[in-house]
Novice: 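Below you will find the structure I want to go over with you.
Remember, predicted model here, so these are calculated numbers, not experimental data.
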Amino acid sequence: MTHEIRELSNHLKEMAKSYNDFTRKTKYPALAYDEVFLEKQSEYIKLKKNTERIAKEIKQLKVSENYLDATLKKKKEYLKKSLKSPQYPQLLQECKKINGTYTDTIHICSILREKHTENKRLIEAFEKRYSREFNEYFQKTAVVYEKAFVAILGAMAFELDKILWEQAKKSTQVKSLFEQAQIHEEYSSKTYLKYYLESNDIKKASDELEELLELYQYLNSLYMESILIAVDCIDDAIEYKKSVKLFNKEQDVVSFTDEKLALKWAFQNSVKILVISENLQNMTLNGFLKYYQKYSLAESKIILLGNSNNPHYKISKELTSGIMPHSLAKEVKELIN
């Protein structure tokens, strides 16, 4: 776990968190309207808070109203029984006072209810006023940002995965682990997932394991093993591709005469076999292989058409320049087998 990998990983998690929040809001337009638009309108928020405060006051006054009503009834009953009592004037005064408070409470409650109803009407009018316009604009804009989010996440995940396995290729521990497990495939998440999944019982799979299996299937469909042909002659590129494809149905076969396009394609795909001519149009063989082996994650086998005097690059087969297409196809097939 290098500093670079940790930093990329943290950035990716933060972006994923933002994306999850985005999908939650865009999945439910009503939620988006509340959280994205309404909650940012100062007058609307002020009105809502005022309405909530009024509702709370009405609730409290209702409790007082019930209490005063019950107290007043008791006082009136007691007053009837105390008509000739010396305390009658005092009891009458107390009764009038409670009755006044009770009447005031009912009156205030009535005013607040009217205000609460008016506020609710204003809130609903405000919500309806912008709802349609917001939803139309939001849905269109959400599609744009959805694509941007996915593109950014994809690029960040690709960068993290690429650097992760570039570091892994240099690690003696990882190399040792691959050798002990007799794994002779490319250093990639796809290879790691393949052997990890094989070591687990899929029938008893957890949700996490099922997700990893889904990811592995996706990577398989995305990064089909391929055969890359890079030569300097357009006719050779066409004929070699046609013949090699006839002998190899399971691999994707591509050919280039432009070295930069060939490298760009190699960095984005899993190349099982690289067929390369000794003579290229714009790059030297050593220059091409230097970039290829530095940035390509695949552990490709290399077939060279011509002669190589450079011991730095492991060549699986050396064939003569101008080899017949069907002969090259047989050599490729043999190397794959």
Side-chain angles (χ1 to χ4, degrees), residues 154 158 161-162 165 183-195 198 214-308 310 313-337:
F158 179 82
D161 189 71
K162 183 171 178 287
W165 288 104
I183 300 173
H184 304 296
E185 298 177 43
E186 61 178 347
Y187 282 67
S188 70
S189 293
K190 185 165 77 73
T191 301
Y192 186 83
L193 274 174
K194 175 185 175 182
Y195 285 89
E198 284 179 358
E214 189 179 338
L215 173 61
Y216 175 68
Q217 290 167 345
Y218 168 74
L219 291 174
N220 258 343
S221 67
L222 193 64
Y223 294 108
M224 179 182 180
E225 283 191 333
S226 56
I227 299 166
L228 172 62
I229 301 170
V231 291
D232 62 335
C233 174
I234 187 68
D235 291 334
D236 286 346
I238 294 169
E239 292 302 320
Y240 286 157
K241 177 182 177 179
K242 192 186 298 181
S243 293
V244 171
K245 187 65 181 173
L246 285 174
F247 279 78
N248 299 273
K249 303 293 184 185
E250 294 181 7
Q251 284 81 30
D252 188 19
V253 182
V254 293
S255 61
F256 294 92
T257 54
D258 186 316
E259 299 90 338
K260 289 183 180 178
L261 289 178
L263 284 171
K264 184 178 178 181
W265 193 91
F267 299 158
Q268 298 173 351
N269 295 272
S270 177
V271 180
K272 190 174 183 70
I273 292 180
L274 168 65
V275 178
I276 186 165
S277 173
E278 177 186 8
N279 299 310
L280 300 171
Q281 286 189 358
N282 301 304
M283 294 178 72
T284 64
L285 174 64
N286 288 340
F288 182 95
L289 291 177
K290 178 184 176 183
Y291 280 107
Y292 183 84
Q293 295 197 346
K294 183 176 181 181
Y295 295 109
S296 173
L297 295 176
E299 295 293 326
S300 310
K301 293 180 179 178
I302 300 174
I303 294 178
L304 176 65
L305 305 181
N307 299 308
S308 171
N310 195 321
Y313 307 110
K314 184 180 177 182
I315 306 297
S316 302
K317 281 190 176 185
E318 283 191 11
L319 304 174
T320 57
S321 297
I323 187 173
M324 296 300 290
H326 70 278
S327 298
L328 174 62
K330 287 180 180 179
E331 293 285 353
V332 170
K333 183 68 175 176
E334 183 183 318
L335 192 58
I336 288 174
N337 293 336

Novice: Let me have the donor-acceptor pairs involving side chains of residues 318-326, under 3.5 Å, with sequence neighbours excluded, atom names and distances please.
Specialist:
from, atom 1, to, atom 2, distance (Å)
S321, OG, L305, O, 3.4

Novice: Distance check, rounded to the nearest 0.5 Å: S300 atom OG versus I227 atom CD1?
Specialist: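 Between atom OG of S300 and atom CD1 of I227 there are 11.0 Å.
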Novice: Any donor-acceptor pair under 3.5 Å linking the side-chain atoms of S189 with those of D161?
Specialist: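 A donor-acceptor contact under 3.5 Å links the two side chains.
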Novice: Could you tell me the separation between the NZ atom of K241 and the CG atom of L246, rounded to the nearest 0.5 Å?
Specialist: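 It is 12.0 Å, given to the nearest 0.5 Å.
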Novice: Looking only at non-hydrogen atoms, find the nearest pair between V271 and W265 and report the distance.
Specialist: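 Closest heavy-atom pair between V271 and W265: CG2-CZ3, 4.0 Å.
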Novice: Measure across K245 and D252 and return the closest heavy-atom pair with its distance rounded to 0.1 Å.
Specialist: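 Scanning both residues, the minimum pair turns out to be NZ-CA, 4.1 Å.
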Novice: How long is the span from the CG atom in L193 to the CG atom in L215, to the nearest 0.5 Å?
Specialist: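 It comes to 5.0 Å.
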Novice: Please tell me if the side chains of L274 and F288 come closer than 4.5 Å, counting only heavy atoms from C-beta onward.
Specialist: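 Yes, their side chains come closer than 4.5 Å.
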Novice: Quick one: does any side-chain atom of K301 pair with a main-chain N or O of I315 as donor and acceptor, under 3.5 Å?
Specialist: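 Here the side-chain-to-backbone pair does not exist.
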Novice: Does any non-hydrogen side-chain atom of L304 lie less than 4.5 Å from one of L285?
Specialist: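 L285 reaches L304 side chain to side chain.
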Novice: Can you name the closest pair of heavy atoms from E278 and G306 and give their distance?
Specialist: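 Minimum heavy-atom separation between E278 and G306: OE1-CA, 3.5 Å.
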Novice: Atom CG of L328 and atom NZ of K333: how far apart are they, to the nearest 0.5 Å?
Specialist: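 Result: 14.0 Å between the selected atoms.
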Novice: Given V332 and V253, is the side-chain contact (heavy atoms from CB on, under 4.5 Å) satisfied, shown in steps?
Specialist: CA-CA 11 Å; V332 170; V253 182; over 6 Å; no
Novice: Within a reach of under 6.0 Å around NZ of K317, are more than 12 heavy atoms found that belong to other residues, nucleotides or ligands?
Specialist: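 Yes, the 6.0 Å shell around NZ holds more than 12 heavy atoms from other groups.
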Novice: Rounded at 0.5 Å granularity, tell me how far CD1 in I303 sits from OH in Y240.
Specialist: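 So the CD1 of I303 and the OH of Y240 are separated by 11.0 Å.
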Novice: Which heavy atom in I302 sits nearest to a heavy atom in Q293, and how many Å separate them?
Specialist: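 In this case the closest contact between I302 and Q293 is CD1-NE2, 3.7 Å.
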Novice: Over 60° means perpendicular and under 30° means parallel, so classify the ring planes of W165 and Y187, tilted if in between.
Specialist: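 Judged by the thresholds at 30° and 60°, the geometry between Y187 and W165 is perpendicular.
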Novice: Is the count of non-hydrogen atoms from other residues, nucleotides or ligands lying under 6.0 Å from Y291 atom OH greater than 12?
Specialist: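 Count not over threshold, so no.
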Novice: Between E259 and M283, what is the shortest heavy-atom contact and its length?
Specialist: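 In this case the closest contact between E259 and M283 is OE2-N, 3.4 Å.
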Novice: Shortest non-hydrogen contact from S277 to D232?
Specialist: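 So the minimum-distance heavy-atom pair works out to OG-OD1, 4.0 Å.
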Novice: State the CG-CG distance between L289 and L263, to the nearest 0.5 angstrom.
Specialist: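 So the gap between those two atoms works out to 9.0 Å.
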Novice: List the steps and the verdict of side-chain contact (heavy atoms from CB on, under 4.5 Å) for F256 and L228.
Specialist: CA-CA 8 Å; F256 294 92; L228 172 62; 3.4 Å; yes
Novice: Is the shortest side-chain heavy-atom distance between F247 and I336 below 4.5 Å?
Specialist: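 F247 does not reach I336 side chain to side chain.
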